[in-house]
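Working notes, structure below.
Keep in mind that this is a model prediction, so the values were computed, not measured. One-based numbering, in listed order, for ligands and for the atoms of each.
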Amino acid sequence: MSGPTAALFQRLTQGVYVIGVAHLETRNAFTAAWVMQVSFDPLLLALSINPNHSSYRLLKEGRSFSVNVLKKHQLDLAEHYGRPRTDKLVSTDWTTDRSGLPILREALAWFACEVVNEHPAGDHMLVLGRMMDGKLLDSEAEPLLYRDTGSMDGAAFLYPTSWGSQAPKP
Ligand SMILES: Cc1cc2nc3c(=O)[nH]c(=O)nc-3n(C[C@H](O)[C@H](O)[C@H](O)COP(=O)(O)O)c2cc1C
């Protein structure tokens, strides 16, 4: 059941992003698909992060994050930042925004947000960020879609084996 469930969830249209975090001079970044706009006024983005990620500690300490939108052909970056290492930025061409958050120079676009709220969401934390800055770097490029990452994140092994019985009873 988990393979078909993963395929089902891949039809929820999601992009693929590299989330940058920083506290003082320590920086890291990780791949995320669970990112979305949730408000116009103020402009808010929501991010769902597994609190076991090393990036979560930096997110908590720095109270901010960047969202780097990946381009269609950047599967290699998605895979690179999808691994649990703390030296991932070394091999990428990056700079920082005004607040010191990592910005990938090859990204399609980037946003910088300050954390305004956090909510537990099952095995993840839902983090709300108010947009502080951002830039479209390549208006011609197509964004990478989560479903095009295939089994890169190993999600097929994380879905429950049955979910119909978990639905709330009417
Ligand atoms: C395509 C893809 C999408 C991912 N989406 C998320 C996500 O939305 N939230 C999350 O917490 N982890 C997500 N991950 C997993 C993290 O990128 C991965 O666990 C990473 O190693 C965390 O980095 P860190 O340990 O350096 O913080 C995703 C991974 C991939 C490959």
Test of proximity, [X] against ligand 1: N or O pairs below 3.5 Å:
{"X": "Val16", "value": "no"}
{"X": "Ser48", "value": "yes"}
{"X": "Ile49", "value": "no"}
{"X": "His53", "value": "yes"}
{"X": "Ala29", "value": "no"}
{"X": "Tyr146", "value": "no"}

Any donor-acceptor pair under 3.5 Å from [X] side chain to [Y] backbone:
{"X": "Gln10", "Y": "Gly150", "answer": "yes"}
{"X": "Lys88", "Y": "Asn28", "answer": "no"}
{"X": "Asp138", "Y": "Leu108", "answer": "no"}

If I compare all heavy atoms of [X] with all of [Y], which pair ends up nearest, and what's the gap?
{"X": "Phe65", "Y": "Leu45", "value": "CZ-O, 4.4 Å"}
{"X": "Ala78", "Y": "Thr31", "value": "O-OG1, 2.6 Å"}
{"X": "Pro102", "Y": "Ala22", "value": "CD-CB, 4.3 Å"}

Using a 4.0 Å heavy-atom cut-off, say whether [X] meets ligand 1 through its side chain, its backbone, both or neither.
{"X": "Thr149", "result": "side chain"}
{"X": "His124", "result": "side chain"}
{"X": "Asn28", "result": "side chain"}

Does even one non-hydrogen atom of Lys88 get within less than 4.0 Å of ligand 1?
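The answer is yes, since Lys88 has a heavy atom less than 4.0 Å from ligand 1.
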Inset, instruction - Decide whether the shortest distance between a heavy atom of Tyr81 and an atom of ligand 1 is less than 4.0 Å. - result: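 For ligand 1, residue contact (heavy atoms, under 4.0 Å) with Tyr81 is present.
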So if I count the atoms of ligand 1 from 1 in the order they appear, which ones are less than 4.0 Å from some heavy atom of [X]?
{"X": "Ser55", "result": "24 (P), 26 (O), 27 (O)"}
{"X": "Pro84", "result": "21 (O), 25 (O)"}
{"X": "Met152", "result": "31 (C)"}
{"X": "Arg85", "result": "26 (O)"}

Item checked: Stepwise salt bridge (Lys or Arg N to Asp or Glu O under 4.0 Å) test for Lys71 and Glu106 -> CA-CA 9 Å; Lys71 300 179 191 177; Glu106 292 175 55; over 6 Å; no
Of all protein heavy atoms, the one nearest atom 20 (C) of ligand 1 is Gly82 O, 3.5 Å
> In terms of hydrophobic clustering (I, L, V, M, F, W, Y; side-chain heavy atoms under 4.5 Å; direct or indirect links), are Leu128 and Met131 co-clustered?
Replying inline: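 Each belongs to a different hydrophobic cluster.
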Would a single hydrophobic cluster contain both Phe111 and Leu59, if residues Ile, Leu, Val, Met, Phe, Trp and Tyr are joined by side-chain heavy-atom contacts under 4.5 Å? yes
Between Trp34 and His124, what is the ring plane arrangement, given parallel below 30°, perpendicular above 60°, and tilted in between?
tilted
